[in-house]
Asker: 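Encoded as structure tokens, here's the structure I'll be asking about.
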2 protein chains.
Amino acid sequence: MSCASLYAPELRARGFRMTSQRKAILHVLHHSGDHLSPAEIFERARREAPGLTYPTVYRTLEFLAKNGLAMPAHIVGKKQLAYQIVGESHHHLICRSCGSSLEVGLDALEPAIRQLEASSGYRFINSHVTLLGLCPKCQKEAG
Amino acid sequence: MSCASLYAPELRARGFRMTSQRKAILHVLHHSGDHLSPAEIFERARREAPGLTYPTVYRTLEFLAKNGLAMPAHIVGKKQLAYQIVGESHHHLICRSCGSSLEVGLDALEPAIRQLEASSGYRFINSHVTLLGLCPKCQKEAG
DNA sequence: TAATTTATTGCAAAAATTTGCAATAAGGAA
DNA sequence: TTCCTTATTGCAAATTTTTGCAATAAATTA
């Protein structure tokens, strides 16, 4: 039984279908856990779903994002938009000069989000935070 | 004197040049204050810099992002990456079903960022937060 | 001001992403 | 299981974004 079956009931309940292409893409995202570009996702998912095409990859990623199963992130310095499975919130601190990045915890955000759910009426809020700064090394080089 | 001259010294100090194209694009971003797509930026900036081309728009936006003058944001539901001048941090709460969005304050984040500057050694940290949820209307429709 | 250096631009072509539409296949009903 | 409905896919073409390179022009020096 594939890990994708974890997601199937949620999709079906909303009237969507679990296809071999979606299974393959979810499988790749789920097991990587990291940010992956559409090209990386295409290459890996194609092993399980041979006929897979690029339009399907792009459409599936947008679909997963709309349904809260994946999160898109524009990583400064990389050209392509990258996607990541939604699990725990991952927050990134990125150097805008050299592009090096650091995974950071922002537990401070959690209470604020709960409060926001209460005040805004929105629910199931996922957060994606990108922090841009200058890393110590690049501060020195910049003088 | 154009608003772009506000940014010129900072660029020159780092060995970059203030060109008519950059002036035009900064002017557009500065006065809009909002997220704009490359196409919108191209159209508006072209009025002031007639020879402006698309490659220049894309390169300039990436350049501004790398240098902390603009922030890119992938707005779910929109196809294109959008850019916004860096001023106060703007944070967005977006409905992943209908795409409607809300500007939210996250002052709660500020202390955490200051603390992060201290612990990580990174400096000049700008934040960009995207929160995805379901708006009240779409919660009803989803049952 | 004129000359020099090189960051930046425009052009043309390449690559990535999106779209329309007919064909396919998932999931429910018979 | 077989049939039916329609969400989803693949294909081909359109559009958007990126890249290489020669030409241009910003800023510094003489």
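Below, chains carry the letters A, B, ... as their sequence lines are ordered, and counting in each starts from 1.
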Asker: Contact between Leu11(A) and Phe63(A) at the side-chain level, heavy atoms closer than 4.5 Å - yes or no?
Answerer: yes
Asker: Are the side chain of His31(B) and the backbone N or O of His27(B) linked by a donor-acceptor pair below 3.5 Å?
Answerer: yes
Asker: Side chain to side chain donor-acceptor pair (under 3.5 Å) with Gln115(A): which residues, sequence neighbours excluded?
Answerer: none
Asker: Checking only heavy atoms, does the side chain of Arg22(A) share a donor-acceptor pair with the base of dT8(D) at less than 3.5 Å?
Answerer: no
Asker: Starting from P on dA26(C), measure out to CZ on Phe16(A) and report it in whole angstrom.
Answerer: 17 Å
Asker: Output the rounded distance in Å from CG (Leu26(B)) to P (dT8(C)).
Answerer: 13 Å
Asker: Please report, rounded to the nearest Å, how far the C1' atom of dA16(C) is from the CG atom of Leu61(A).
Answerer: 14 Å
Asker: Can you classify the ring geometry of Phe42(B) versus Tyr54(B) as parallel (below 30°), tilted (30 to 60°) or perpendicular (above 60°)?
Answerer: parallel
Asker: In this structure, how many angstroms lie between the P atom of dA26(D) and the CZ atom of Arg17(B), rounded?
Answerer: 9 Å
Asker: How far apart are the closest heavy atoms of Arg46(B) and Leu52(B), and which atoms are they?
Answerer: N-CD2, 4.0 Å
Asker: Which atoms form the tightest heavy-atom contact between Arg12(B) and Met18(B), and what is the distance?
Answerer: NH2-CB, 4.0 Å
Asker: For the backbone of Leu116(A) and the side chain of Ser120(A), can you confirm whether one donor and one acceptor N or O come within less than 3.5 Å of each other?
Answerer: yes
Asker: Which protein N or O atoms sit under 3.5 Å from an N or O of nucleotides 28-30 of chain D?
Answerer:
none

Asker: Under a 4.0 Å threshold between the charged nitrogen and the carboxylate oxygen, would Lys66(A) count as salt-bridged to Glu62(A)?
Answerer: no
Asker: Between C1' on dA7(D) and NZ on Lys23(A), what's the gap in Å once rounded to a whole number?
Answerer: 15 Å
Asker: So Tyr54(B), base contact, sugar-phosphate only, or nothing? Heavy-atom distance under 4.0 Å.
Answerer: nothing
Asker: Can you find a side chain N or O atom of Thr19(B) that sits less than 4.0 Å from OP1 or OP2 on dT9(C)?
Answerer: yes
Asker: dT9(D) P sits how many Å from Glu62(A) CD, rounded?
Answerer: 13 Å
Asker: Anything under 3.5 Å between a protein N or O and an N or O of nucleotides 10-12 of chain C, put it in a table, one pair a line.
Answerer:
from    : atom 1 : to       : atom 2 : distance (Å)
dG10(C) : OP1    : Gln21(B) : NE2    : 3.3
dG10(C) : OP1    : Gly51(B) : O      : 3.0
dG10(C) : OP2    : Thr53(B) : OG1    : 3.1
dG10(C) : OP2    : Thr56(B) : OG1    : 2.5
dG10(C) : N7     : Arg59(B) : NH2    : 3.0
dG10(C) : O6     : Arg59(B) : NH1    : 3.4
dG10(C) : O6     : Arg59(B) : NH2    : 3.0

Asker: Hey, is the main chain of Val28(A) close enough, under 3.5 Å, to the side chain of Ser32(A) for a donor-acceptor pair?
Answerer: no
Asker: Can you check the Met18(A) CE to dG28(C) C1' distance for me, whole Å?
Answerer: 17 Å
Asker: Taking CD from Glu43(B) and P from dT16(D), how many angstroms apart are they, rounded to a whole number?
Answerer: 11 Å
